Amino acid sequence: KGIDLHTAGPVDIYSGADGTIVEKLYRDDYGNMLVIDHGGGVFTRYAHLERFEPGLETGSIVTAGQVIGVMGSTASYRIPRHLHYEVLTGEWGARAGSFALTPVDPFSFLP
């Protein structure tokens, strides 16, 4: 459903494109996670963050390259430090949130 990027130490995580944060929460399986709506039915999910960048909330506008958090290992089970990154498509539904969207292979966008 996405890709995992690993590192030994904490590193900043950046928004992949301009957008609006539509989910900022903790889940046992995804840990600290953010979902950004980039418009046109395209969303990105950033999971297992050690922490969120201060001041970011649901509804916050972010720009491409803006720091949104720090790579971490949050979840209800022991995992190594990494970022779980997903590209999602579809129509946002407040009841189901991002888990009603369709995961897309992020490498399919490369030329």
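Only this structure's heavy atoms are used, side chains among them; waters, hydrogens and symmetry mates stay out. Since this is a predicted model, take the numbers as computed values, not measurements.
Proximity of a side-chain donor or acceptor of D18 to a complementary backbone N or O of A64 within less than 3.5 Å is detected. The backbone N or O of D28 lies less than 3.5 Å from a partner atom in the side chain of S76, making a donor-acceptor pair.
If you take CZ on R27 and OG on S98, they are separated by 7.0 Å, rounding to the nearest 0.5 Å. A distance of 8.0 Å separates OG1 of T102 from CG of L88, quoted to the nearest 0.5 Å. Within the model, atoms CZ of R81 and CG of L5 stand 13.5 Å from one another, a figure rounded to the nearest 0.5 Å. Taking OH of Y46 as the start and CE of M71 as the end, the distance is 12.0 Å to the nearest 0.5 Å. Note that the NZ atom of K24 and the CD atom of E57 stand 3.5 Å from one another [nearest 0.5 Å]. If you take CD on E23 and CH2 on W92, they are separated by 3.5 Å, rounding to the nearest 0.5 Å.
Applying side chain to side chain contact (heavy atoms under 4.5 Å, CB included) to V62 and the options I21, T20, V67 leaves one that passes, I21.
Classification of the H48-H82 ring pair by plane angle, with boundaries at 30° and 60°, yields tilted.
One hydrophobic cluster, built from ILVMFWY side chains closer than 4.5 Å, cannot hold both L49 and I79; they sit in different ones. Side-chain heavy atoms closer than 4.5 Å link hydrophobic residues (I, L, V, M, F, W, Y) into clusters, and following such links, even through other members, never connects Y26 to F52. Residues I61 and I36 are members of separate hydrophobic clusters, defined by side-chain heavy-atom contacts under 4.5 angstrom among Ile, Leu, Val, Met, Phe, Trp and Tyr. A chain of hydrophobic side-chain contacts below 4.5 Å, direct or via other Ile, Leu, Val, Met, Phe, Trp or Tyr residues, connects L83 to V104. Residue V70 is not grouped with residue L34 when hydrophobic side chains (ILVMFWY) are merged at heavy-atom distances under 4.5 angstrom, including chains of intermediate members.
The minimum heavy-atom distance between H38 and A17, with the atom names listed, is CE1-O, 3.3 Å. Of all the heavy atoms in Y77 and D29, the pair that sits closest is OH-O, 3.1 Å. Residues G2 and E86 share a closest heavy-atom pair of CA-CG, 3.9 Å.
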**Prompt:** Could you walk me through whether Y14 and E53 pass the side chain to side chain contact (heavy atoms under 4.5 Å, CB included) check?
**Reply:** CA-CA 10 Å; Y14 304 90; E53 187 67 12; over 6 Å; no
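L101 is not listed as a side-chain neighbour of R45, based on a closest heavy-atom distance of 4.5 Å or more. The closest side-chain heavy-atom distance from I3 to F107 is below 4.5 Å.
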